[in-house]
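This report concerns only the one structure given below.
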Amino acid sequence: MPIITIEQAGQYDGQEVTLRGWLYNQRESGKLLFPIFRDGTGIMQGVCSLKEQPAAFEALRGLTQESSVIVTGKIRAEQRAPGGFEIGVSAVEVLQRVSESQPYPIQLKEHGVDFLLNQRHLWIRSPRQAAILRIRAEAIRAAREFMDGQGYTLTDAPIFTPAACEGTTTLFEVQYIDDEKAYLTQSGQLYVEATAMALGKVYAFGPTFRAEKSKTRRHLTEFWMLEPEAAYADLGDMMELGEGLVSHVVQSVLKNRTRELEALKRDTTKLATVKAPFPRISYDEAIAVLQKSGNPAKHGDDFGGDEETILSSQYDRPLIVHRYPAAIKAFYMQPDPQRPDLALGFDMLAPEGYGEIIGGGQRIHDYDLLVKRLREHNLPEESFQWYLDLRRYGSVPHAGFGLGLERTVAWICGTEHIREVIPFPRMIYRVYP
RNA sequence: UCCCCGGUAGCUCAACGGUAGAGCAUUCGGCUGUUAACCGAAGGGUUGCAAGUUCGAAUCUUGCCCGGGGAGCCA
């Protein structure tokens with residue numbers, strides 16, 4: 001008797017099989033039961049009649065939602081069944097029956113956000129949430145496949161960092177052993193700059209933490225970033241790498257998670273066009289576009305959500321905006337030799353209003369300039385000695401970027417909120433469960 | 001930190017200042033092809049908290065708490 005998953009059921013038409021999972025829902029119609037099972041790979045309807053399978057019928061009758069069950073029966077193609085196949089249940093073993101006095105709290109109907117987030121540990125059992133998490137996993141797999149294929153070596157950055165790199169206000173402070181303080185990393189970038197000088201082409205992939213009091217559908221306090229960094233690379237190399245990476249991730253999800261995208265009712269025609277090269281415009285051009293559309297943006301402004309949406313909505317694939325004013329960018333950005341007021345940085349804006357998914361560019365490799373910038377930004381030089389060492393010992397031009405995993409996955413999935421695309425979202429004022 | 005919205009049964013929501021209700025969930029009963037099944041019945045409430053106005057407050061006022069959306073900041 002083969003033990004199979006619901007995903008595989010189509011290959012077992014006409015055969016007797018065993019499914020191991022949970023009771024997702026059950027409709028009762030007199031002496032006929034229509035239990036619906038889920039096993040993590042999908043959901044499948046069962047049929048059980050009192051007349052033909054009295055023992056199984058008794059086991060299933062009145063069984064509560066999310067009770068764990070091992071079910072045996074014959075798979076058969078059935079037009080009336082959701083998914084096209086159903087299982088004629090012949091035997092049922094109930095491992096744990098959910099109590100009637102404390103029924104499973106999440107019903108098959110609309111629920112509020114607050115309630116669902118408090119039940120996140122159960123909410124992820126819902127088919128929609130499971131589909132999203134599978135797409136997230138595929139996005140990660142494809143991203144690593146791409147980076148590895150491009151000759152980048154995974155060199156992860158530390159989570160604990162010793163000092164405030166860009167001001168303490170947005171950092172989570174933790175007590176480190178005795179009286180020492182440490183901070184949760186905001187970005188692995190400074191560290192991958194170091195490993196890039198050791199290994200050439202590297203990337204980090206891990207969680208980052210921001211104590212910003214942002215309350216929007218695009219923000220989490222804990223999110224995952226993929227951060228490539230390459231020695232001897234320039235802005236153009238990174239824009240090319242970024243569009244290659246995003247194209248590969250999107251196309252891989254389209255190819256390998258078709259069913260999940262379907263479950264989410266995602267309009268995949270909007271993803272199919274996502275292939276390199278992506279449109280690129282300079283910051284100055286972006287300002288002109290905004291002004292033409294009536295937006296009050298002027299040179300020197302950074303873009304907010306509205307501006308990003310106006311710009312990105314004009315294209316069928318992500319948009320790269322490059323060469324921002326140095327004044328609104330991070331201290332380590334290499335100035336454009338043609339226009340020193342501009343930084344050799346770029347952002348990639350996802351379509352459909354999902355905002356910035358990549359930010360990066362070329363880093364300052366000149367020791368004196370970097371020291372100057374540290375001072376201009378009032379940053380503690382002593383904390384950056386190791387970082388300055390990278391400019392003391394064989395400094396070379398180098399570049400990299402950070403890709404926000406959750407924003408990317410939210411865009412691919414078409415979800416309303418970024419919080420749905422990470423198993424346990426951490427947000428301002430919400431760390432449970 | 002600022003602006004806007006919300007908080008009523010386990011859940012989703014109604015209720016003009018005048019007896020707190022429905023659907024779902026749960027329990028009981030009915031139904032052999034259901035599609036968030038359906039039909040009938042039952043149980044289930046400190047209306048977020050605290051004051052105030054009023055003959056009377058879920059409803060009006062003030063403060064607080066909690067949550068959501070957005071701004072700023074960012075991925």
Side-chain angles (χ1 to χ4, degrees), chain A residues 24-36 43-53 57 62 64-66 78-84 86 88 98-119 122-123 126-128 166-167 169-171 186-189 207-227 242 301-308 328-330 347-350 354-360 401-411 416-419 421-422 427-430 432:
Chain A
Y24 175 67
N25 189 25
Q26 180 159 251
R27 290 184 278 271
E28 305 194 8
S29 181
K31 297 180 180 64
L32 249 197
L33 299 178
F34 295 94
I36 299 177
I43 62 173
M44 171 170 274
Q45 171 174 292
V47 186
C48 185
S49 84
L50 174 63
K51 203 170 176 181
E52 288 161 33
Q53 302 293 349
F57 187 94
T64 39
Q65 190 189 358
E66 285 301 313
E78 168 56 66
Q79 289 285 320
R80 291 168 289 187
E86 67 181 15
V98 173
S99 162
E100 286 84 354
S101 61
Q102 278 185 291
Y104 186 69
I106 300 177
Q107 301 170 31
L108 276 64
K109 62 168 208 167
E110 296 287 327
H111 290 283
V113 170
D114 184 47
F115 173 77
L116 287 172
L117 286 171
N118 283 331
Q119 310 291 337
L122 303 175
W123 186 22
S126 304
R128 176 185 162 80
E166 299 177 44
T169 50
T170 63
L171 285 169
Q186 247 180 341
S187 158
Q189 185 208 310
T208 51
F209 307 87
R210 304 274 167 95
E212 293 156 3
K213 297 206 171 177
S214 299
K215 290 181 66 170
T216 83
R217 68 187 70 185
R218 297 194 303 277
H219 287 86
L220 297 169
T221 54
E222 179 182 318
F223 65 97
W224 285 64
M225 270 210 291
L226 189 148
E227 301 182 278
D301 291 349
D302 205 351
F303 301 143
D306 289 349
E307 289 76 24
E308 289 179 355
I328 57 171
K329 286 292 175 184
D347 287 346
M348 186 186 292
L349 308 178
Y354 281 90
E356 185 183 338
I357 53 173
I358 284 181
F401 63 78
L403 173 131
L405 178 71
E406 285 75 14
R407 285 188 183 177
T408 304
V409 175
W411 158 54
E416 183 84 4
H417 304 91
I418 194 175
R419 61 189 167 215
V421 308
I422 187 167
M427 296 178 290
I428 177 171
Y429 308 137
R430 195 181 278 283
Y432 178 92

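Below, chain A is the first sequence line, B the second, and so on; all start at residue 1.
- Scanning both residues, A:I358 and A:E356, for their nearest heavy atoms gives O-CG, 3.4 Å.
- Between B:rA25 and B:rG69, the two P atoms lie 28 Å apart (nearest whole Å).
- Residue A:L50 holds its CG atom at 9.5 Å from CG of A:L32, rounded to the nearest 0.5 Å.
- Residues A:Q186 and A:T170 have side chains that bring a donor and an acceptor to within less than 3.5 angstrom of each other.
- No more than 12 heavy-atom neighbours from other residues, nucleotides or ligands sit within 6.0 angstrom of CD on A:Q102.
- When heavy atoms are screened at a 4.0 angstrom cut-off, A:P82 is found touching base atoms of the nucleic acid.
- For the 3.5 Å distance criterion, the side chains of A:E227 and A:Q189 fail to qualify, holding no donor opposite an acceptor.
- Rounding to whole angstrom units, CZ of residue A:R27 and C1' of B:rU32 are separated by 15 Å.
- For A:V113, the side-chain atoms get nearest to B:rG68 when compared with the rest of B:rA75, B:rC31, B:rG68.
- Using a 4.0 Å heavy-atom distance criterion, A:E28 is classed as a base contact.
- The shortest distance between the side-chain N/O atoms of A:H417 and the OP1/OP2 oxygens of B:rG69 is below 4.0 Å.
- Residue A:Q45 places a side-chain atom within donor-acceptor reach of the base of B:rU34, judged by atom type and a 3.5 Å distance cut-off alone.
- Contact check, A:R419 against B:rG69: a side-chain N or O comes under 4.0 Å of OP1 or OP2.
- Comparing A:Y104 and A:E78, the nucleotide of RNA chain B nearest to each residue sits closer to the 5' end for A:Y104.
- Across all strands, A:F223 comes closer than 4.0 Å to base atoms (heavy-atom distances).
- Each of A:T64 and A:H111 was matched to the nucleotide of RNA chain B holding its nearest heavy atom; the match closer to the 5' end belongs to A:H111.
- The base of B:rG68 sits within donor-acceptor range of the side chain of A:K215, with an N or O pair under 3.5 Å.
- Going from atom CD of A:E308 over to atom P of B:rA75 covers 10 Å, rounded to whole Å.
- Residue contacts for A:L220: at a heavy-atom cut-off of 4.0 Å it reaches a base atom on one of the strands shown.
- If you check the side chains of A:T216 and A:S214, you find no donor sitting under 3.5 Å from an acceptor.
- Judged by atom type and distance alone, A:R430 does not reach the base of B:rC66 through any side-chain donor-acceptor pair under 3.5 Å.
- Among the protein residues, A:E100 comes within range of the sugar-phosphate backbone only, with heavy atoms under 4.0 Å from sugar or phosphate atoms but none that close to a base.
- Residue contacts for A:E86: at a heavy-atom cut-off of 4.0 Å it reaches a base atom on one of the strands shown.
- Comparing B:rG67, B:rG33, B:rA75 by their nearest atom to the side chain of A:R210 picks out B:rA75.
- Residue contacts shown for A:G355 are absent, as no nucleic acid heavy atom lies under 4.0 Å away.
- B:rA75 atom P lies 20 Å from atom CZ of A:R217, rounded to whole Å.
- Atom CG in A:D302 sits roughly 9 Å away from atom P in B:rG72 (whole-Å rounding).
- Counting any heavy atom pair closer than 4.0 Å across all strands shown, A:E110 reaches a base atom.
- The base of B:rC74 has none of its N or O atoms less than 3.5 Å from a complementary donor or acceptor on the side chain of A:S214.
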